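Please read the structure below before turning to the comments.
Basis for what follows: all heavy atoms, side chains included, without hydrogens, waters or symmetry-related copies. Every value quoted in this text rests on a predicted model; they were computed, and no experiment measured them.
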Amino acid sequence: MVSPSYTGTVDFDAKAGKPCQTWYQVYGDLKSGAIPVVTIHGGPGSTHDYLLSLVDLATAHSIPVVFYDQLGNGNSTHLPEKSGDEGTFWTEQLFLDELDNLLQHLGIQDNYAILGQSWGGMLAARHAARQPKGLKRLVLSDSPASIPLFVKAAKDELLTKLPPDIQDTIIRSEEAGTTDSQEYKDAVQVFYKRYLCRLDPWPAELLRSFDWMEKDHTVYLTMNGPSEFHIIGSLKNWTIEDEAHKINVPTLLLNGAYDEASDSTVKPLFKAIPKIKWYTFAESSHMPHWEEREKYMSLVSEFLTA
């Protein structure tokens, strides 16, 4: 693994009752003249680790790449005391403000691209819909247009393809409120190995992000819920469908043929965003940046440097 050009933290006033910092890492030279891409990880409440294959954009394609851990996990400030505080603290706006703060700190707010993956793409889409002047290009990777669409697809299209005993365990646990049981976690893992990442074994970087979420699930449980398809947190009604048409930069929409962000969940983005291209990776689920790494980097680098 190549070493980062530099690592740092930026103070962020999150109104949390204590000082907060956002941790970030840069690969490549932000002053090289090439438009840097800021990567936004998913979750919410995951970490940058599972996106680290995107370092390829810097090493093989000379595109400066910025990674960061969103507030609440990884190397950024943890706030377990805010667990369950979904209405007033853990909001989409908090993370939009954090992104703006990071762009300003790095001095790239007038010239940058964004690659958002999963929840990161949802956040990126909202950011882009507000038409920031410095945003030049947008990559929405494995990101649904709405959570209701996402949950419907998971239950109607994906869960029904799992073995009957796995389906039974998931349904029974969710109805009984026993989603913290090992039986439920094991059943969810079957779903993940089919629709989240089909590689065996999983990349160490992906496991590292899951380890972080196991250690501190404050943000994930508060905003999302106990699993990718049982979403009962503050994001349960989230949608960008009514604002996607405002995204006015060239956009690349990506998903996998076996993605939990299935075609039906991303299609509204394709229909609404004026300047958009859509590519589906034939052998991938939710992690094409690992599952079809070379093809992914080729497509994204070509788009970002066009």
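- Residues Met297 and Leu57 have side chains in contact (heavy-atom distance under 4.5 Å, counting atoms from C-beta outward).
- Here the CZ-CG distance, from Arg137 to Leu135, works out to 10.5 Å after rounding to the nearest 0.5 Å.
- Put simply, CG on Leu304 and CD1 on Ile114 are 11.5 Å apart, with the number rounded to the nearest 0.5 Å.
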Could you check Gln117 against Leu54 for side-chain contact (heavy atoms from CB on, under 4.5 Å), going step by step and ending with a plain yes or no?
CA-CA 11 Å; Gln117 197 278 337; Leu54 298 171; over 6 Å; no

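- Using a 4.5 Å cut-off on side-chain heavy atoms (C-beta onward), Val151 and Lys236 make no contact.
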Could you go through the side-chain contact (heavy atoms from CB on, under 4.5 Å) check for Met122 and Ile240 one step at a time?
CA-CA 8 Å; Met122 294 160 59; Ile240 192 72; over 6 Å; no

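- A perpendicular orientation is assigned to the rings of Tyr6 and Tyr24, their planes being inclined by more than 60° (bins at 30° and 60°).
- The ring pair (Phe, Tyr, Trp, His ring centres under 6.0 Å) contacts involving residues 147-189 comprise nothing, where partners must be two or more places apart or lie in separate chains.
- For the 3.5 Å distance criterion, the side chains of Ser53 and Tyr296 fail to qualify, holding no donor opposite an acceptor.
- For the pair Lys152 and Asp156, the salt-bridge criterion is met [side-chain N within less than 4.0 Å of a carboxylate O].
- Thr39 places no side-chain N or O within 3.5 Å of a backbone atom of Leu115 that could act as its donor or acceptor partner.
- When atom types are taken as modelled, the side chain of Glu98 and the backbone of Leu71 share a donor-acceptor pair closer than 3.5 angstrom.
- When all heavy atoms of Leu30 and Pro36 are compared, the closest pair comes out as CD2-CB, 3.6 Å.
- When atom types are taken as modelled, the side chain of Tyr112 and the backbone of Leu103 share no donor-acceptor pair closer than 3.5 angstrom.
- Judged by distance alone, the side chains of Gln25 and Thr7 do bring a donor and an acceptor atom under 3.5 Å apart.
- Interatomic distance, NZ of Lys161 versus CZ of Phe191, reported as 10.5 Å (0.5 Å rounding).
- Between the Glu241 side chain and the Ala145 main chain, no donor and acceptor come within less than 3.5 Å of each other.
- Counting only distance, with no hydrogens or angles, the side chain of Asp11 and the backbone of Pro19 share no donor-acceptor pair below 3.5 Å.
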Any chance you could lay out the side-chain contact (heavy atoms from CB on, under 4.5 Å) test for Ser209 and His41, step after step, and finish with the verdict?
CA-CA 10 Å; Ser209 285; His41 67 69; over 6 Å; no

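- Considering all non-hydrogen atoms of both residues, Cys197 and Met287 come closest at CB-CG, 3.9 Å.
- Residues Ala187 and Ile170 come closest through the heavy atom pair CB-CG1, 3.7 Å.
- Taking each heavy atom of Asp216 and Gly72 in turn, the nearest pair found is OD2-O, 3.6 Å.
- More than 12 heavy-atom neighbours from other residues, nucleotides or ligands sit within 6.0 angstrom of CD on Gln182.
- Looking at Gln70 and Trp119, their side chains do bring a donor and an acceptor atom within 3.5 Å of each other.
- Of all heavy-atom pairs between Ile273 and Ala244, the closest is CG1-O, 3.5 Å.
- Asn224 places a side-chain N or O within donor-acceptor distance of the main-chain N or O of Ser227, the cut-off being under 3.5 Å.
- You'll find the side chain of Glu174 reaches within 4.5 Å of the side chain of Phe229, heavy atoms only.
- Side chain of Asn73 to backbone of Gly45: a donor-acceptor contact under 3.5 angstrom is found.
- Distance check, rounded to the nearest 0.5 Å: CG of Asn255 to NE2 of His286 gives 10.0 Å.
- Thr77 places a side-chain N or O within 3.5 Å of a backbone atom of Gln21 that can act as its donor or acceptor partner.
- His48 and Trp23 have tilted rings, their planes meeting at an angle from 30° to 60° on a 0 to 90° scale.
- For the residue pair Asp85 / Thr88, a side-chain donor-acceptor distance below 3.5 Å is found, with atom types taken as modelled.
- Atoms CG and OG, from Asp259 and Ser284 in turn, are 8.5 Å apart once rounded to the nearest 0.5 Å.
- Ring pair Trp212/His78: centre-to-centre distance below 6.0 Å.
- Checked against the 6.0 Å centroid criterion, the rings of Phe210 and Tyr50 do not qualify as a close aromatic pair.
- A donor-acceptor distance shorter than 3.5 angstrom exists from the side chain of Arg198 to the backbone of Arg194, with no hydrogens or angles considered.
- Note that the CZ atom of Phe95 and the CE atom of Met223 stand 5.5 Å from one another [nearest 0.5 Å].
- A salt bridge does not link Glu283 to Lys295: none of the charged nitrogens lies less than 4.0 Å from a carboxylate oxygen.
- Judged by distance alone, the side chains of Thr179 and Ser173 never bring a donor and an acceptor atom under 3.5 Å apart.
- Remark: the Gln93 side chain and the Asp97 side chain contain an N/O donor-acceptor pair separated by less than 3.5 Å.
- No donor-acceptor contact under 3.5 angstrom links the side chains of Ser118 and Asp142, judged on distance only.
- Side-chain N or O atoms of Ser83 include none that pairs as donor or acceptor with a backbone N or O of Pro80 at under 3.5 Å.
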